[in-house]
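So the structure is just underneath, and the comments pick up after that.
Worth saying up front: this structure is predicted, and the values here are computed from it rather than measured. Values below: every heavy atom of this structure, side chains too, minus hydrogens, waters and symmetry copies. Just follow the structure's listing: the first ligand is 1, and inside any ligand the first atom is 1.
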Amino acid sequence: MCGIVAYIGKKEAYPIVIKGLERLEYRGYDSAGVALLKESKINLFKEKGKVQDLKNKAANEDVSGTSGMGHTRWATHGEPNMVNAHPHLSGNGKIALIHNGIIENYAALKTTLESRGHVFQSDTDTEVLVHLIEEIQSKNNLDLAEAVRISLGEVTGAYAIVVMSTDEPDILVGARKGSPMVVGIGKDEFFMASDATPIIEYTKNVVYLEDEEIAVINRKGKLSIKTISNEDVAPAIQELKMEIEALEKGGYDHYMLKEIFEQPRSIYDSMRGRIDSTKGDIHMGGLEEYRNTLMNAKRIIVVACGTSWHAALVAEYLFEDLARIPTEVEYASEFRYRNPVIYEDDVVVAISQSGETADTLAAIELAKQKGATVLGVCNVVGSSIPRATHAGAYTHAGPEIGVASTKAFTAQVTVLIQMALWIAYNRGAINQAKLTRYLVELEAIPAKVEKTLKCAEYAKELAKMIASSDNALYLGRGYNFPIALEGALKLKEISYIHAEGYPAAEMKHGPIALIDENMPVIVLATKNSQYEKTVSNIQEVKARKGKIFAIVTKGDTEVKEMADYYIQVPDCPEELSPLISSIPLQLISYEVALLRECNVDQPRNLAKSVTVE
Ligand code: F6R
């Protein structure tokens, strides 16, 4: 949610900053801007729209300078337009600032600053911060880093910021609280960014800033870090494991399609080193320290948002069905504010692709305050959630750049299946023979996903029948119910068709009123313990002339006969079936979005990483 990138060194900053913005564009894309420092002057270029629009605008301008920073915005305060785009300048034009997050007390600060003669150009909270830094610096005659430090002591809210000043052209100052920030350390050059993706092609050495830390990067090769309370911090340099190829489209038209097709690999990667069916072994190394706590947990609470919340629902079925532990699933945004009852022997599992979702982070903090054990299931290594939780398991799906989550979801479900099996076996809820059978089936999943992906051509055909609809209904029972929700979310977020997911049996309690010959009803009717019940629900839809698009198990005859259109998928145990049945739904959404000429990778109003509440 808002991407920030900055460079200082000997090279030209603009190409590095622009490329970085393109890599970060998944975080927000309603406007973009860059500031370049050259000969004691800040040159500012801003434009509404995509990074490409900014590039077009700057095409014939002087964009030289060896210190620069850029921002791609997802609007919170102030509509997306050129004036509200970052960077923002101080009143005297000497300081520029980019910001990801929200300054919550901006209104009070603005009033005070206005009374001291500051004049604001934009409607943003960010502009208040740059004026505050200017005010504090000039009043106390401070250097930039100190002025930033003292100013941050006066703001409440979340931020990752980078600040430049014409008075100190050889440094950039960055800071974070609640929003991510990585410093890249090259040879005689430094980078700062919201995540490592803009940095990876220049250096693998990075420092993840902690909350309330301020970093000063100096063209002369020096990095210094302090806390807001003025204590020096020794930089903890880490090596990035990511490869640059993982950030490219690799011949696919869209990141989303690439990520859908990567799933045999990403599912395999999320099991690698954890299971071995030949030995009947399962290890969850990251959770080992909390083995006893988990085995004795009276209750598990799973918190997440969006697609990750759908993975949490799958976890509820798994933890209760396999491990026999009572499990509750909560939207992180509701959980954090509704004064929930949390016991010290509760285990809270937080699921997040980005590891930065503000509501999920807040839910984790609340659970920790109440004394619960908090475990994370995250994709982005080194992000905030794995650092905030007591322990956890990474999903290892690799970078997910398409805004609509696909491979991260199936990797989350794969990790949750393994967690459930690990707990179930260690608690004695399943025996060795049963565990081994599941492990054999789990190891077979990547090949089955590969087979399922062959339905891409059928998905195109089905998409043609759905693309002109205004609404769609997704139905499923048991393990297929969360997948119905996820299918509906995928369709609405990238094709803007209104879609609802329902437990198939709930349909008759209301949504059935919507069904007529124009309503596509996508039914997950794979062979599971509730197959016959699902067949009855299909009959109810057909009786009202609804159009049935069924996902069926290969070899099925009954539903195939009833359905208007169908896609066949390989058979597998129902506990693992979300990994298979979500694939055709992802492909259908993708194809529908293409037919409707929507921007698949960057759907309107959305952003990949939601770092504001
Ligand atoms: C939907 C989607 C979002 C995210 C949600 C949580 O395709 O991607 O609904 O799942 O914003 O994000 P994470 O998983 O990063 O916490």
Under a 3.5 Å cutoff, is there a donor and acceptor pairing between the side chains of T126 and R73?
no
For the CD atom on E320, are there more than 12 heavy atoms of other groups (residues, nucleotides or ligands in this structure) within a distance under 6.0 Å?
yes
Return a yes/no value for T360: is any of its N or O atoms, backbone included, closer than 3.5 angstrom to an N or O of ligand 1?
no
Pick out which of Q353, Q586, Q263, E262 makes a side chain to side chain donor-acceptor pair (under 3.5 Å) with K407.
E262
I'd like to check which ligand 1 atoms, numbered from 1 as shown, lie under 4.0 Å from a non-hydrogen atom of A404.
7 (O)
Does ligand 1 have any atom that is closer than 4.0 Å to a heavy atom of K490?
yes
More than 12 non-hydrogen atoms from neighbouring residues, nucleotides or ligands closer than 6.0 Å to NZ on K451, yes or no?
no
Could you list which atoms of ligand 1 come closer than 4.0 Å to a heavy atom of Q353?
13 (P), 14 (O), 15 (O), 16 (O)
Between T389 and P386, is there a donor-acceptor pair closer than 3.5 Å when you use the side chain of the first and the backbone of the second?
yes
Before you tell me yes or no, could you show the steps for T526 and N480 under side chain to side chain donor-acceptor pair (under 3.5 Å), namely the whole-Å CA-CA distance, both residues' side-chain angles and the distance that decides it to 0.1 Å?
CA-CA 8 Å; T526 48; N480 277 333; 2.9 Å; yes
Where's the contact between E493 and ligand 1, heavy-atom distance under 4.0 Å: side chain, backbone, both or neither?
side chain
R596 side-chain N/O to A467 backbone N/O, donor-acceptor pair under 3.5 Å
yes
For S352, the atoms of ligand 1 under 4.0 Å from one of its heavy atoms are 13 (P), 14 (O), 15 (O), 16 (O)
Identify, by atom number and element, the atoms of ligand 1 in contact range of G306, meaning under 4.0 Å from any of its heavy atoms.
9 (O), 10 (O)
So the atoms of ligand 1 within less than 4.0 Å of a heavy atom of S405 turn out to be 7 (O), 8 (O)
Contact (N/O only, under 3.5 Å) between Q412 and ligand 1
no
Run the contact test for V403 against ligand 1 with a 4.0 Å cut-off on heavy atoms, strictly below, and give the result.
yes
